[in-house]
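Below is one structure, written out as structure tokens, with a few remarks after it.
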Amino acid sequence: MNWFRRTSLSVLAAALFLSSCPALLAQSPSNSAETGNRVATTAELDPATFGHTFVSAPQDLKAVLGGSAPSSLAQLRAMELLQQEVAQRAKLCTVNVAIGAAQGSGVIVSSSGLVLTAAHVAMRPGLQAELTFHDGRTVKAEALGMNRYVDAGMLRIVDEPEDPAGWVHASVGASTDLRSGTWCIAAGHPGGFIKDRGVVVRVGRVLASDSDAIVTDCALIGGDSGGPLFDLSGRLIAIHSRIGNDVADNIHVPIDQFLTSKQRMMGGESWGYLPGFKPKIGVQGTKGSEFAEVTSVSSGSAAERAGLQPGDVILRFAGIEVSDFASLQHAVDTTMPGQRVGVVFKRGEEAIRTFLIVDRADP
Amino acid sequence: MVRFSDKSLLKLLLASILVVAPCAGVHAEPPVDKDSATALVQDPPGFGFSEWVRKRLARRASLRRDSSSVTNLLQPLVTGVGAATADVWQDGRLVALATIIDTGGWAITKASELHEGELRVRLANEHMYMAEVVATRRAADLALLRIEQASDLVAATFVDHSETVPGSYLVSVGPGGDVLGLGTVGAEPLEVADQGKMGIVFNPQHLIVEHVFEGSGADAAGIEIGDRITKLDGKPLRDQQALLNRVDERFPGEIVEVTVIRDGVEEVFDVEIRDQSVLLEDESESRVNGPRSGRATGFASAIWHDTVLGPDQVGGPVVDTSGRVIGINIARAGRVVSYALPAQVILPLVQDMRHEVEREATLTGTGG
């Protein structure tokens, strides 16, 4: 089964474009120790704290909030009022996220400027991002950590807020016991940021959910990744991740995934890979060796296509300094299959710079 | 509560990653193998489908935003205007919907879906009538139809001004009062810039074609690399700016007559203008977007909504949650977006077109 090749084409294109900007690779220190020392208070990303998107629903909508279809047009209109209010508020804390030439979305979740997004939007710790608000204002941000297993990522706004009270942010909800049928509101920047259009909201319902993923019929497309999914009361319940071919196959990362591993992510740690998207380059080395020396290159692999040979010592991979084989493995783990990355290696006395397109490991 | 614990279905659904990289011209290598997972989801029920998958898909259908319980609830909102919603048939094919605006025989529809050939309109009561296009407004992609000898028409009444704030629900109406779907207004009314292109790259000095995009109108018409463009619509071109300007005036779906010199011989081609974003997308992008209207850009003011429509389901009325007709659907533009023309745009254009028709009728002496 080779379905990955075609479902990941947009990734492939993104990666091709990104790596054609060497400046971007240079400015990615991946210094997780530094980001780890940034202010990270436990009050951030806490469902108990105040958020700007929550709107109290009338008692009459209790069943609807529990996932039922409305039972009268009066209920439908009450839902509409809620949705209009949430749309208005969601607009203020949903941002476009640009890292290099790739664009996704994100949502501010604390007055201090913590931003949730998808792991594949944040890419890797330490990267510089530009966030754009619905009205075109921009601020600088930095990628924190990410859990690639579920596609959860974090950023932090570096600039000071204009308002001393802090950033307008979403009310954090919970995804535990999320009922199928739950009405939800998706926000984001489909197709990337478009001036005079700004944030776009969409309606849908939860069709299925488990602890790793939520499926809804809120229609998403490229550029929405990392954007917020709210319930009808404006509580943030998930972050957009990926889509299937059918318009009702839209997959989101449950908010509980962020709550569970917020300390690790805030600390700049990145781990895992999205199932089916494990990166591989096809070189073997010796564990515990002093250098990242290649002992063999798999036939037909990314490394072979890039011209790597046994005996080559890899010095730098995807903008990350490599000191031994374990650190090479770590550097490969920060990439996505299909991504085009820079490699610097030593052959004899000569340092050689080349590019390779990362392979996907067999599931 | 029913738990969705079967990881395998989630895996079946995987999935495109949603980052946008604006990199026109970068084409990923084409996929080779058939996507067995997706094929399974698309196959007709009972054919390669396991009972397990079928049950789950059925359950999911009942949970969708426009499940039958939701559409039943919406029914009273659309029943009235449903009688004013008609199918438009051309050469035996359903091409669009039309909204009847006057019981005297006037209806409006999406102009770019109509072609040369016999036009028929089927009313909600299943009666079929001949119709003809009597006026069009290119910029809004509106056509005014005259329905022949129909005495059983019901007309839709548009609201004078509609406030479609983001987050509002919209219901799209099908013939006879079918609920086509429930959607939400996604953003404030906006201009959708014209993306129409011939699909060529040419040398700016000599107007010689240097590249023809696959799937473009130029490609379909037979324009080749090396052709030197001399005229558009029979008019000579002074320079590249003239060529660009003339193409910019055209909307997707329109035809431009291109005269070229090839091997010293003059040849003429009819080139269809097509949407640039559609030309540039890869196979995976076009699959997730699904079928779209040929003309999905170039509207001065449109309402963005997320109702899932087929390209032949545009031209019909859109109502709000009070059942008021706030506009008509004018394009299916992609996976996440359908565009509606607001009543404020439609009403003056309709009045204008009717005046035009009356003037012509007076001039030719055929009477009203």
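Chain letters run A, B, ... following the sequence lines, proteins first and then strands; every chain starts at 1.
With a 4.5 Å cut-off on non-hydrogen atoms, B/S67 touches chain A through its side chain but not through its backbone. Using a 4.5 Å cut-off between heavy atoms, B/V185 contacts chain A through its backbone alone, with no side-chain atom that close. When heavy atoms are compared at a cutoff of 4.5 Å, B/L190 approaches chain A solely by way of its side chain, counted from C-beta outward. Using a 4.5 Å cut-off between heavy atoms, A/V206 contacts chain B through its backbone alone, with no side-chain atom that close. Neither the backbone nor the side chain of A/V86 comes within less than 4.5 Å of any heavy atom of chain B. Of the two parts of A/S105, neither the backbone nor the side chain holds a non-hydrogen atom closer than 4.5 Å to a non-hydrogen atom of chain B. With a threshold of 4.5 angstrom between heavy atoms, B/V308 approaches chain A through side-chain atoms but not through N, CA, C or O. For chain B, the nearby parts of A/A219 are the backbone and the side chain; heavy atoms of each come within less than 4.5 Å.
Side-chain contact between A/L73 and B/T321 is absent, with no heavy atoms from C-beta onward closer than 4.5 Å. Contact of the A/M79 side chain with the B/Y169 side chain is registered, since non-hydrogen atoms from C-beta on lie closer than 4.5 Å. The shortest side-chain heavy-atom distance between B/V337 and A/P190 does not fall under the 4.5 Å cut-off. Counting heavy atoms from C-beta on, the side chains of A/V203 and B/D306 come closer than 4.5 Å.
Within the model, atoms OG of B/S322 and CD of A/E80 stand 7.5 Å from one another, a figure rounded to the nearest 0.5 Å. In this structure, the separation between CG on A/L76 and CG on B/L73 is 6.0 Å, given to the nearest 0.5 Å.
Taking A/S72, A/S71, A/S68 one by one and counting their heavy-atom pairs under 4.5 Å with chain B, the maximum is reached by A/S72. Among the candidates A/E85, A/H120, A/Q88, the residue making the largest number of heavy-atom pairs closer than 4.5 Å to chain B is A/H120. In terms of heavy-atom pairs under 4.5 Å with chain B, the best-connected choice from A/G226, A/G191, A/G192, A/G198 is A/G191.
With no hydrogens or angles considered, a side-chain donor-acceptor pair links A/N250 and B/R335 at under 3.5 Å.
Minimum heavy-atom separation, A/A87 to B/P166: CB-O, 3.8 Å. Between B/V288 and A/G244 the shortest heavy-atom distance is CG1-O, 3.9 Å.
Using a 4.0 Å cut-off between charged side-chain N and carboxylate O, B/R64 and A/D246 make a salt bridge.
Shown here is A/K278, whose NZ atom has no more than 12 heavy atoms of other residues, nucleotides or ligands within 6.0 Å.
Side-chain atoms of A/Q83 come within 3.5 Å of backbone N or O of B/G167 as a donor-acceptor pair.
Residue pairs meeting the side-chain hydrogen bond (donor to acceptor under 3.5 Å, both in side chains) criterion with at least one member in residues 194-208 of chain A, sequence neighbours excluded, are A/R202-A/D224.
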**Item:** A/V200 vs B/V336, side chain to side chain contact (heavy atoms under 4.5 Å, CB included): CA-CA, chis, key distance, verdict
**Value:** CA-CA 10 Å; A/V200 178; B/V336 301; over 6 Å; no
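B/S338 meets the side chain to side chain contact (heavy atoms under 4.5 Å, CB included) test with B/H305, B/L309, B/R332; sequence neighbours excluded.
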